[in-house]
2 protein chains.
Amino acid sequence: MKLHNYFRSSASFRVRIALNLKGLDYEYIPVHIARGEHKTGPFAAISPDMLVPLLEDDGERFTQSMAIIEYLDEIQPEPPLLPHDPVGRARVRALSESIACEIHPLNNLRVLKYLVRELKLDDDAKNGWYRHWVREGMLAFERQLALHPASTYCFGDAPTMADCCLVPQVFNGQRFDCDFSGLPRTMAAFEACMQLDAFQRAQPSRCPDAEA
Amino acid sequence: MKLHNYFRSSASFRVRIALNLKGLDYEYIPVHIARGEHKTGPFAAISPDMLVPLLEDDGERFTQSMAIIEYLDEIQPEPPLLPHDPVGRARVRALSESIACEIHPLNNLRVLKYLVRELKLDDDAKNGWYRHWVREGMLAFERQLALHPASTYCFGDAPTMADCCLVPQVFNGQRFDCDFSGLPRTMAAFEACMQLDAFQRAQPSRCPDAEA
């Protein structure tokens with residue numbers, strides 16, 4: 001497998017965690033998003049949406065982090081990243097989408113660039129935007145976790161796709177000094193994940209293309 | 001089943017289509033998002049993320065439209081809304097997420113409200129934002145569809161979850177006069193969907209809470 005990704009991309013980070021949890025080896029191919037490498041050169045030629053991550057496996061190319069994680073879970077079922085029952089699966093997917101559809105899309109690099117370049121926002125307004133959506137989204141996430149308080153991770157006693165989404169979002173939010181107070185279940189799940197080697201090894205600072 | 005939803009919500013529209021395609025009856029419970037009913041009153045009390053759609057089934061509550069559609073596909077497998085092979089499933093999920101994670105989150109009502117109330121954007125700037133993300137996202141969607149040009153719908157010869165996402169996004173974009181030119185595969189899939197009763201009946205103007 002080859003993973004085209006960027007050390008600082010949350011969506012890439014999700015897939016790196018999933019690959020590590022599955023014990024799947026992969027070739028790390030860096031795409032420097034901040035320098036625009038996703039829109040030019042060899043990556044743009046193979047990527048229809050010009051977004052990272054992109055996974056190459058068995059002659060096929062896969063895009064969109066959650067679709068990739070579901071694919072990995074189907075071709076390599078152990079350890080499972082989704083529960084086996086439809087209700088549990090729906091819970092984990094909803095938690096994942098609470099981050100991947102409600103928080104992260106508002107705060108990725110191209111959106112922040114639009115705020116600055118097109119809307120002429122200053123740093124305070126841009127950071128206020130960022131923190132607003134992280135805070136609102138995390139409060140909603142916490143309310144969902146609070147419905148099932150016995151879990152160690154986001155859902156149950158083993159990491160799932162929801163944890164693959166949560167951890168990068170916390171990392172990203174911490175870079176922007178977001179407020180993670182008053183989120184006891186969320187931060188307990190985050191801390192539990194960070195005890196695991198699969199999450200540690202996937203973090204941005206451990207990537208080959210990491211920058212200070 | 002009970003579906004808490006709003007006629008104009010794209011994410012609600014996705015689930016209405018899926019329920020219709022599956023032939024599942026449901027009670028329509030309107031939540032007037034524009035009046036803030038999702039944040040107060042009975043809906044807020046049962047909805048941890050205070051978002052529509054919310055599906056009640058068999059004593060459980062389900063949130064997030066794609067998680068709900070996957071749940072429906074698991075409990076009622078026919079007709080399938082995802083292919084049976086992992087590669088095909090990944091393609092349909094990626095197409096769905098190209099809309100649900102890359103376009104729609106930037107353009108929903110709470111985001112537009114933030115642009116106007118917090119960032120003090122005028123109508124032109126707000127509409128420019130809206131159209132920019134729809135256009136960029138739809139061009140990326142078209143490039144993905146172009147990889148598999150023989151399909152009638154977004155993927156293959158029967159509607160899938162990707163079509164459940166595409167049609168509401170086109171409806172939404174048309175309300176804001178977005179540019180859908182030069183998207184032959186995308187618009188052919190849209191037109192094919194709109195030939196089907198399941199899509200017709202789900203559209204905003206046919207909802208009990210529809211407004212002009």
Side-chain angles (χ1 to χ4, degrees), chain A residues 11 47-51 55 57-58 60-75 82 85-87 89-98 100-106 108 110-111 114-115 118-119 121 125 128-129 132-133 136-137 139-147, chain B residues 11 47-51 55 57-58 60-75 82 85-87 89-98 100-106 108 110-111 114-115 118-119 121 125 128-129 132-133 136-137 139-147:
Chain A
S47 164
D49 62 2
M50 300 187 204
L51 297 172
L55 182 77
D57 182 42
D58 207 16
E60 301 280 348
R61 294 184 180 124
F62 300 96
T63 59
Q64 288 294 331
S65 62
M66 289 192 300
I68 294 172
I69 293 172
E70 296 253 10
Y71 169 77
L72 295 174
D73 206 43
E74 292 181 1
I75 62 163
L82 289 162
D85 63 302
V87 174
R89 294 163 74 81
R91 296 255 178 280
V92 168
R93 288 184 176 124
L95 287 167
S96 305
E97 291 164 25
S98 293
C101 301
E102 307 297 342
I103 305 176
H104 179 64
L106 294 160
N108 64 30
R110 68 199 161 108
V111 172
Y114 190 98
L115 293 176
E118 307 296 326
L119 300 182
L121 294 198
W129 162 278
H132 172 78
W133 299 115
E136 289 289 302
L139 289 169
F141 195 83
E142 178 73 15
R143 289 194 298 270
Q144 292 175 73
L145 292 192
L147 297 176
Chain B
S47 165
D49 62 1
M50 298 187 204
L51 297 172
L55 182 78
D57 182 44
D58 207 15
E60 302 280 350
R61 293 184 181 126
F62 300 96
T63 58
Q64 288 294 329
S65 62
M66 289 193 300
I68 293 172
I69 293 172
E70 295 254 10
Y71 170 77
L72 294 174
D73 207 42
E74 293 182 0
I75 62 162
L82 289 163
D85 63 302
V87 174
R89 294 163 74 82
R91 296 256 177 280
V92 169
R93 288 183 176 126
L95 287 167
S96 305
E97 291 162 27
S98 292
C101 301
E102 307 297 342
I103 305 176
H104 179 64
L106 294 160
N108 64 29
R110 69 200 160 106
V111 171
Y114 189 98
L115 294 176
E118 305 297 325
L119 300 182
L121 294 197
W129 162 277
H132 172 78
W133 298 116
E136 290 288 302
L139 289 170
F141 195 82
E142 178 74 14
R143 289 193 298 270
Q144 292 175 74
L145 292 193
L147 298 176

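The chains referred to below are lettered A, B, ... by the order of the sequence lines, with proteins before strands, and numbering in each begins at 1.
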**Q** Could you grab the distance from atom OG1 of B:Thr63 to atom CG of A:Leu95, nearest 0.5 Å is fine?
**A**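 Here the rounded value is 7.5 Å.
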
**Q** Can B:Glu102 and A:Leu51 be said to form a side chain to side chain contact (heavy atoms under 4.5 Å, CB included), step by step?
**A** CA-CA 10 Å; B:Glu102 307 297 342; A:Leu51 297 172; 3.5 Å; yes

**Q** Quick one: what part of A:Leu115 sits under 4.5 Å from any heavy atom of chain B, side chain, backbone, both or neither?
**A**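 Contact with chain B: side chain only.
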
**Q** Donor-acceptor check, side chain of B:Arg93 to backbone of A:Ala67, threshold 3.5 angstrom: yes or no?
**A**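 Not a single qualifying donor-acceptor pair exists.
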
**Q** Is any NZ, NE, NH1 or NH2 atom of the basic residue among A:Arg89 and B:Glu74 found under 4.0 Å from an Asp or Glu carboxylate oxygen of the other?
**A**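 Salt bridge flag = yes for B:Glu74 with A:Arg89.
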
**Q** The criterion is ring pair (Phe, Tyr, Trp, His ring centres under 6.0 Å); which residues satisfy it with B:Tyr71, sequence neighbours excluded?
**A**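 Partners of B:Tyr71 by the ring pair (Phe, Tyr, Trp, His ring centres under 6.0 Å) criterion, ordered by chain and then number, come out as B:Phe62.
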
**Q** Using non-hydrogen atoms and a 4.5 Å limit, figure out which bit of A:Leu139 sits close to chain B: side chain, backbone, both or neither.
**A**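 Contact with chain B involves no heavy atom of A:Leu139 at all.
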
**Q** Hey, is B:Glu60 close enough to A:Arg91 for a salt bridge, meaning N to O under 4.0 Å?
**A**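 Between A:Arg91 and B:Glu60 there is a salt bridge, with a charged N closer than 4.0 Å to a carboxylate O.
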
**Q** Taking side-chain hydrogen bond (donor to acceptor under 3.5 Å, both in side chains) as the definition, give me every residue that meets it alongside B:Arg61, ordered by chain and number, with sequence neighbours left out.
**A**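 Once residues adjacent in sequence are excluded, B:Arg61 has no partner under the side-chain hydrogen bond (donor to acceptor under 3.5 Å, both in side chains) criterion.
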
**Q** Who among B:Glu142, B:Met66, B:Glu97, B:Glu118 has the most heavy-atom pairs with chain A under 4.5 Å?
**A**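 Highest number of heavy-atom pairs under 4.5 Å: B:Glu97.
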
**Q** For A:His104, is it the side chain, the backbone, both, or neither that has a heavy atom closer than 4.5 Å to a heavy atom of chain B?
**A**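 No part of it gets close to chain B.
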
**Q** Going from CG on B:Asp49 to CD on A:Gln144, what distance comes out if it is rounded to the nearest 0.5 angstrom?
**A**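 Rounded to the nearest 0.5 Å, the CG-CD separation comes to 5.0 Å.
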
**Q** Tell me whether the rings of A:Tyr114 and B:His132 are parallel (<30°), tilted (30 to 60°) or perpendicular (>60°).
**A**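 Taking B:His132 first and then A:Tyr114, their aromatic rings sit tilted (interplane angle of 30° to 60°).
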
**Q** Are any of the side-chain heavy atoms of B:Arg110 and A:Trp133 separated by less than 4.5 Å?
**A**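 Yes - at least one pair of side-chain heavy atoms lies under 4.5 Å apart.
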
